[in-house]
Amino acid sequence: QVQLVESGGGLVQAGGSLRLSCACSGRTFSSHIMGWFRQAQGKEREFLAAITWSGGRTYYADSVKGRFTISRDNAKNTVYLQMNSLKPEDTAVYYCATDRGGRSYFGVRAVEYDYWGKGTQVTVSS
């Protein structure tokens, strides 16, 4: 059974940084794509970044390109999202997700991901 557990959220001042972690278990993820999304109150879930477990290719939403960095540690089965220069509008619940594997493109829609963590709250104060 696939399990994704996010951690690292919290309260940070504008301009600060946070690193989110997503611990993955339950299967071998070598053919999977891992993604990070966020959902602000009253808004739809928004794609942020994705990475291939094998090879580490990355893809970013324009809204976070240059500020957020996605990475993975194969040995720890963990995916990270380093977030810099945070803004109050980055306040949201952040989720990691993975697909069923074997896809050759980066999905940017939530429906393209099959397994989700429960999320971690990030609050950026002005």
Side-chain angles (χ1 to χ4, degrees):
Q1 182 178 356
V2 174
Q3 281 195 317
L4 306 177
V5 180
E6 303 95 338
S7 62
L11 175 64
V12 64
Q13 287 189 332
S17 298
L18 281 175
R19 188 177 80 156
L20 305 183
S21 300
C22 175
C24 311
S25 63
R27 66 168 51 175
T28 301
F29 293 95
S30 58
S31 66
H32 292 233
I33 292 174
M34 308 296 299
W36 281 99
F37 288 74
R38 69 186 177 190
Q39 189 164 18
Q41 199 166 5
K43 295 189 177 181
E44 292 187 355
R45 198 161 291 193
E46 175 190 11
F47 169 80
L48 300 175
I51 189 168
T52 59
W53 203 267
S54 175
R57 289 186 301 118
T58 58
Y59 183 76
Y60 295 92
D62 288 343
S63 60
V64 301
K65 200 176 294 184
R67 293 194 302 129
F68 291 8
T69 302
I70 189 171
S71 62
R72 91 271 189 248
D73 184 329
N74 289 12
K76 295 182 179 179
N77 256 19
T78 301
V79 178
Y80 303 98
L81 186 68
Q82 176 68 42
M83 307 187 295
N84 299 327
S85 303
L86 284 163
K87 307 172 184 179
E89 50 264 44
D90 293 317
T91 295
V93 178
Y94 283 69
Y95 299 91
C96 66
T98 187
D99 63 3
R100 293 187 184 274
R103 197 172 63 208
S104 59
Y105 63 92
F106 288 108
V108 298
R109 300 178 300 156
V111 294
E112 295 177 292
Y113 292 80
D114 303 286
Y115 304 100
W116 293 82
K118 293 184 178 180
T120 185
Q121 175 71 46
V122 171
T123 303
V124 184
S125 64
S126 57

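- Atom OG of Ser54 and atom CG of Asn74 lie 7.5 Å apart (nearest 0.5 Å).
- Here the closest heavy-atom approach between residue Leu4 and residue Thr98 is recorded as CD1-N, 3.9 Å.
- The minimum heavy-atom distance between Arg67 and Ser85, with the atom names listed, is NH1-O, 3.0 Å.
- Side-chain contact between Tyr115 and Cys24 is absent, with no heavy-atom pair separated by less than 4.5 Å.
- Contacts classified as side-chain hydrogen bond (donor to acceptor under 3.5 Å, both in side chains) and involving residues 4-26 (residues at least two apart or in different chains) are given here: Ser17-Asn84.
- No side-chain heavy atom of Val79 sits less than 4.5 Å from a side-chain heavy atom of Cys96.
- The two residues Pro88 and Ser126 come nearest to each other via the heavy atoms CG-CB, 3.8 Å.
- At distances below 3.5 Å, at least one donor-acceptor pair connects side-chain atoms of Thr52 with backbone N or O atoms of Arg57.
- The only option from Arg38, Gln39, Glu46 that meets the side-chain hydrogen bond (donor to acceptor under 3.5 Å, both in side chains) definition with Tyr94 turns out to be Arg38.
- Looking only at side-chain heavy atoms (C-beta outward), Met83 and Val122 come within less than 4.5 Å of each other.
- The other residues sharing a hydrophobic cluster with Val93 are Ile33, Phe37, Phe47, Tyr59, Tyr95, Phe106, Val108, Tyr113, Trp116, where clustering joins ILVMFWY side chains under 4.5 Å apart.
- Cluster annotation: Tyr80 is not connected to Val64 through the hydrophobic network of ILVMFWY side chains, with a link wherever side-chain heavy atoms come within less than 4.5 Å.
- The two atoms that bring Gly9 and Leu20 nearest to each other are N-CD2, 3.6 Å, heavy atoms only.
- Going from atom CG of Asn77 over to atom CH2 of Trp53 covers 5.0 Å, rounded to the nearest 0.5 Å.
- With contacts defined as side-chain heavy-atom distances shorter than 4.5 Å, the pair Gln121/Thr91 qualifies.
- Taking a cutoff of 4.0 Å between a charged side-chain nitrogen and a carboxylate oxygen, Lys65 and Asp62 qualify as a salt bridge.
- Nearest approach of Ala49 to Leu81, heavy atoms of both residues: CB-CD1, 4.3 Å.
- One N or O on the side chain of Arg103 and one on the backbone of Tyr105 form a donor-acceptor pair closer than 3.5 Å.
- Pairs of residues two or more places apart, or lying in two chains, never qualify as disulfide bond (SG atoms under 2.5 Å apart) while including a residue from residues 31-83.
- Here the closest non-hydrogen pair linking Val124 and Lys87 is CB-O, 3.2 Å.
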